[in-house]
Amino acid sequence: MRLRGDYYADGSSRRTVAELEVGRDGSVAVLVGGARVTTARIGEVRITDRVGETPRRVTLRDGGVFETTDNDALDAALAQHGLGGGARLLHHIESRWAIALAFLGLVGLAGWWTVAYGLPLLAERVAFSLPASVRHSLGSSTLHMLDRTVFAPSALPEPTRTRLEARFAAMARELGLEGDARLHFRKGERTGPNAFALPSGDVILTDELVELGQVDDEIVAVLAHELGHVVRHHGLRHALQNSTVALLLLALSPEGAISSLVAGLPTLLVEARYSRDFEREADRYALSYLQSHGIDPAHFTRVLSRIPDGPQGLAFLSTHPSTSERAVLFGGG
Amino acid sequence: VTFAVAGADSPPAETHQLEFTGRGREYFRIWIVNLGLTLVTLGIYSAWAKVRTLRWMYRHTRMGDAAFDYTAEPRQILGGRLIALGLLILSSVAGELAPLLAGVVGIALFVAGPWLMVRSRAFRLQQTVYRNVRFGFARNYGQAAKVYALYPVLSFLTLGLLLPRARLEQYRFLVDNTRYGTTPFTLHARPAEFYRAYLVGALPIVVGLASWALLVPRERPVATASLVALGACFVVSYYVVSATTTNLVWSRTRAGEISFESSLAPVQLALLQATNTLAVLLSVGLLLPWARVRTARYRASCLRVIAPGGLDGFVAAREAEVSALGDEIGDVFDVDLDIGL
């Protein structure tokens, strides 16, 4: 079998039109103008894998290189000697449209499953298997940073704080979160009436939110929601899921200036969806706590409805379920 | 494609046009199989996917009846890639959970930056072969530290006045340490030329800011529209600077007797990127292979190589191999390395 191509002697860029002869006995020879310049056995030469219709290089023992686009003939010669089966299979897969479409379906399905179920499941496993000390140290600097950049010290009257702290301590004890969950009062400044649960188990209650509460049970409802985040390790899981999704999408997006835009928008959508899922889980947690303690669940809706509306965003970009959806769950509103 | 121009008594000067011969439909199949196998193997196949993609891209890049090739083996890449990925996951989880730790990672990257640049460039060029002769890159860590750490700090301290100079020195580092076989590349651009390119590039921004300041649109819709127009001015500036400096660097680069001609057009480059982004977004990523091929074809079509003595006389160099770790870290952390081909 003879293949057409170009020959380069070892270490030289001089191009010579040549032929490669592959014998039935496994002998390989490069012919220039009909004369043999170098010979080898087919098992000794290195042949680059086929990728689409691109030229391949046959590197001989002496460092000489034969370059050819005659891919089919080269593959046939290799097949004759039982070589390069894996590479041929890969090329076969890459050159059939039916297989490509099947892969497209697979990638779509696998991508959807990974984002919707796989990652959340994995993050949950990881979060629940990490020891408490690791979780605490992971988030400990966040509160310091928030204190320095956003919050101011709380100006709530001492009796209010003591009362709420006692309720919180009782709830935490009941949930087996002693030492795991800690309550902090802060002036929220530009975050306004709000409550946060950090991955470390720190729960922050802003003065502005406490002032919106007309009875303590309303604040207790909010604390139950935040403790739901703590018990279920939402902060850590959210962080794990978000960073993995961002990595995945960035890895799949094109290089260069486009990549941040192409990866950024879907990342935003997925992160918002994860956030809503966690909020719903914390809501359900709060609901069952309130019901089992004879507290009217509508307290939660009432205090939420008093929070002044921020800018009305798009539902699929929102990080929280809508207030009306929550009102249906908790009643009241 | 080769044009032979016969001189009076000098050997014929050959001008070689670079061309990219890959087709979007061929790449689509390779790309989707790469994605599928990467997913199925939980990412292990990504090393093979990277090598196959680069091989396909390099081998479809042709000049003077010969193709480039990428010779790295997936196994070489896998180890470096796993380490790099571990670092990336660590740093991005740290970014979400401990902002202070993320700052530490950022500083570490800044310090390791020059090392990454050298290793990554050295690996890439060492694995690039054309006509049986490999490219190479001298591992000049001192110069890397100067151009990627010292110059950026200086240009920051001088409020950007030193920025064109810094960019020139970075290009000088990239070009002057590159070899094709034993033939070194050298960059002969002068600072004044870079400053001129940046001044011309800054014109759209200056015009945009001046007209915006003069008109001071107050009505809501007009104000929004004018901000969009201002943003467009910045984008145009970016592409003007990027195209003119790339053209300048190529035209001032010599490799032995060989010289280069680059004719990137800012408007065409900007339109190409804009339509690519739109197509990829609207097709949910399905047109990504097509976008890549378009970019490669345009970039290749803008580069010509003038070889007075032909391309036959180059000799390979012998040197110790570099591991893939630096290239992989640079890859996953998206350290910007590319200056065209």
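Not measured: the values here are computed from a predicted model. So you know, we letter chains A, B, ... as the sequences are listed, proteins then strands, and number each from 1.
In plain terms, the two heavy atoms of A:Ser13 and B:Gly313 that are nearest each other are OG-N, 3.6 Å. Counting all heavy atoms, side chain and backbone alike, A:Pro55 lies closest to B:Arg59 at O-CD, 3.2 Å. Taking each heavy atom of A:Leu90 and B:Tyr45 in turn, the nearest pair found is CD2-OH, 3.4 Å. Across all their heavy atoms, A:Glu94 and B:Arg52 have their closest contact at OE2-NE, 2.8 Å.
A distance of 7.0 Å separates CG of B:Asn132 from CZ of A:Arg57, quoted to the nearest 0.5 Å. The CD1 atom of A:Ile99 sits 13.0 Å away from atom CD1 of B:Ile32, with the distance rounded to the nearest 0.5 Å. Once rounded to the nearest 0.5 Å, the distance linking OG1 of A:Thr48 with CD of B:Glu73 reads 9.5 Å.
With a 4.5 angstrom heavy-atom cutoff, A:Ala9 touches chain B only via backbone atoms. Neither the backbone nor the side chain of B:Val284 has a heavy atom closer than 4.5 Å to any heavy atom of chain A. For A:Arg46, no part sits under 4.5 Å from any heavy atom of chain B, backbone or side chain. In this structure, chain A has a heavy atom under 4.5 Å from the side chain of B:Phe28, while its backbone stays farther away. For B:Tyr27, no part lies near chain A; criterion is any non-hydrogen pair under 4.5 Å. For B:Leu286, the part sitting under 4.5 Å from any heavy atom of chain A is the side chain, from C-beta outward, and nothing else.
Under a cut-off of 6.0 angstrom, the local environment of CZ in A:Arg88 is crowded, with over 12 non-hydrogen atoms contributed by other residues, nucleotides or ligands. Around atom CZ of B:Arg23, no more than 12 heavy atoms belonging to other residues, nucleotides or ligands sit under 6.0 Å away.
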Where do A:Leu106 and B:Leu39 land on the side chain to side chain contact (heavy atoms under 4.5 Å, CB included) test, with the steps shown first? CA-CA 9 Å; A:Leu106 171 85; B:Leu39 273 174; 5.9 Å; no
Go through the steps for A:Phe103 and B:Leu37 under the test side chain to side chain contact (heavy atoms under 4.5 Å, CB included), then give the verdict. CA-CA 9 Å; A:Phe103 267 88; B:Leu37 290 180; 4.0 Å; yes
Might you work through the side chain to side chain contact (heavy atoms under 4.5 Å, CB included) test for A:Asp49 and B:Val51, ending with a clear yes or no? CA-CA 11 Å; A:Asp49 290 348; B:Val51 166; over 6 Å; no
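Judged by distance alone, the side chain of B:Glu26 and the main-chain N or O of A:Glu53 form a donor-acceptor pair under 3.5 Å.
Looking at heavy atoms from C-beta onward, A:Thr54 lies in side-chain contact with B:Trp56 at the 4.5 angstrom threshold.
For chain A, the option among B:Arg25, B:Arg55, B:Arg131, B:His60 with the highest count of heavy-atom pairs below 4.5 Å is B:Arg131. Ranked by heavy-atom pairs under 4.5 Å with chain B, the list A:Ala110, A:Ala100, A:Gly11 is led by A:Gly11. Counting heavy-atom pairs closer than 4.5 Å to chain A, the top-ranked of the candidates B:Val133, B:Ile30, B:Val315 is B:Ile30.
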